[in-house]
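For this chain, numbers begin at 1 and follow the sequence in order. Every heavy atom of this structure was used, including side-chain atoms; hydrogens, water molecules and symmetry mates were not.
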Amino acid sequence: QVQLAESGGGLVQSGGSLRLSCVASGFTLDYYTIGWFRQAPGKEREGVACISTSDGTTYYADPVKGRFTISADLEKITVYLQMNSLKVEDSGVYYCAVRPRDPRGSDWSREDEYTIWGQGTQVTVSS
């Protein structure tokens, strides 16, 4: 069965760090683009970052640039999201997702391009 599983969420104080993991099963991550999205209560889901395993190209949403880092370990079939200097507004459910085609610039965060989604992991940042 093809699926993604996120982990690593939790409660952290503002300024703290978390590392999220997204593990694939039933397929490998080679030549895919893997994205992280988040959804805060009452808000639409938004793209956070993505990485192309074809060439390592990464994209980040402006609010997380310089604080979050996305990386992939293809041997472990895992994509990570290292989140530093966390802010209260980073709180939400974080999802990973896979798209078969490399992004073309700003379309990296188009949700309809992503075909496989995980169930999400909760991140709560307290003030």
Side-chain angles (χ1 to χ4, degrees):
Q1 185 176 1
V2 173
Q3 60 185 10
L4 298 170
E6 304 94 336
S7 63
L11 174 64
V12 64
Q13 286 191 330
S14 180
S17 298
L18 283 173
R19 188 177 79 157
L20 305 184
S21 299
C22 171
V23 181
S25 59
F27 70 109
T28 67
L29 295 175
D30 303 66
Y31 307 111
Y32 283 101
T33 290
I34 300 89
W36 282 98
F37 293 77
R38 67 186 180 189
Q39 186 168 23
K43 294 187 177 181
E44 293 186 355
R45 189 159 55 188
E46 61 179 357
V48 175
C50 80
I51 183 167
S52 165
T53 62
S54 298
D55 60 9
T57 302
T58 57
Y59 297 85
Y60 294 93
D62 287 343
V64 308
K65 283 181 180 177
R67 299 188 298 121
F68 290 13
T69 303
I70 189 170
S71 62
D73 185 333
L74 298 184
E75 289 189 2
K76 295 183 178 179
I77 325 176
T78 302
V79 173
Y80 302 99
L81 185 68
Q82 178 66 44
M83 306 187 296
N84 299 328
S85 303
L86 282 162
K87 304 176 181 179
V88 172
E89 52 265 39
D90 293 319
S91 297
V93 178
Y94 281 69
Y95 302 88
C96 64
V98 167
R99 60 182 279 172
R101 289 183 294 272
D102 285 341
R104 297 176 183 175
S106 61
D107 83 339
W108 70 268
S109 60
R110 280 187 55 176
E111 293 188 29
D112 59 353
E113 291 285 341
Y114 290 81
T115 56
I116 305 170
W117 290 80
Q119 294 299 308
T121 185
Q122 177 71 47
V123 171
T124 303
V125 184
S126 63
S127 58

Under the side chain to side chain donor-acceptor pair (under 3.5 Å) rule, what pairs show up with a residue in residues 57-66, not counting sequence neighbours? D55-T57, D62-K65

L18: which of V12, N84, V125 passes side chain to side chain contact (heavy atoms under 4.5 Å, CB included): V12

Side-chain heavy atoms of S17 within contact of Q82, under 4.5 Å: yes

Can you give the donor-acceptor pairs under 3.5 Å from side chains of residues 24-36 to other protein atoms, not counting sequence neighbours?
from	atom 1	to	atom 2	distance (Å)
T28	OG1	D30	OD1	3.2
T33	OG1	D102	OD1	3.2

Angle class for the W117/F37 ring planes (parallel below 30°, perpendicular above 60°, tilted otherwise)? tilted

Of the non-hydrogen atoms in Q3 and I116, which two are nearest, and what is the gap between them? CA-CG2, 4.5 Å

If you round to the nearest 0.5 Å, how far is CD of E6 from SG of C22? 5.5 Å

Tightest non-hydrogen contact, residues Y95 and Q119, listed as CE2-O, 3.4 Å

Is there a chain of hydrophobic side chains (I, L, V, M, F, W, Y, each step under 4.5 Å between heavy atoms) that links I70 to V123? yes

Closest non-hydrogen atom pair, V98 against L4: CG2-CD1, 3.7 Å

Separation between CD (E89) and NZ (K43), nearest 0.5 Å, reads 8.0 Å

Taking every non-hydrogen atom, the tightest pair across P63 and R38: CB-NH2, 4.3 Å

Any side-chain heavy atom of S7 sitting closer than 4.5 Å to one from V23? no

Can you tell me how far apart OG1 (T69) and CZ (R19) are? Round to the nearest 0.5 Å. 11.5 Å

Verify side chain to side chain contact (heavy atoms under 4.5 Å, CB included) between M83 and L20, making sure each step is shown before the conclusion. CA-CA 8 Å; M83 306 187 296; L20 305 184; 3.7 Å; yes

Check against side chain to side chain contact (heavy atoms under 4.5 Å, CB included), L86 and F68: CA-CA 9 Å; L86 282 162; F68 290 13; 3.8 Å; yes

What verdict does the salt bridge (Lys or Arg N to Asp or Glu O under 4.0 Å) test give for R99 and D107, after you've listed the backbone C-alpha separation in whole Å, the side-chain angles of each residue and the deciding distance to 0.1 Å? CA-CA 11 Å; R99 60 182 279 172; D107 83 339; 3.4 Å; yes

Exercise: identify the closest heavy-atom pair between C50 and P103: SG-CG, 4.0 Å

If you compare all heavy atoms of A61 against all heavy atoms of W108, which two are closest, and at what distance to 0.1 Å? N-CZ2, 3.6 Å

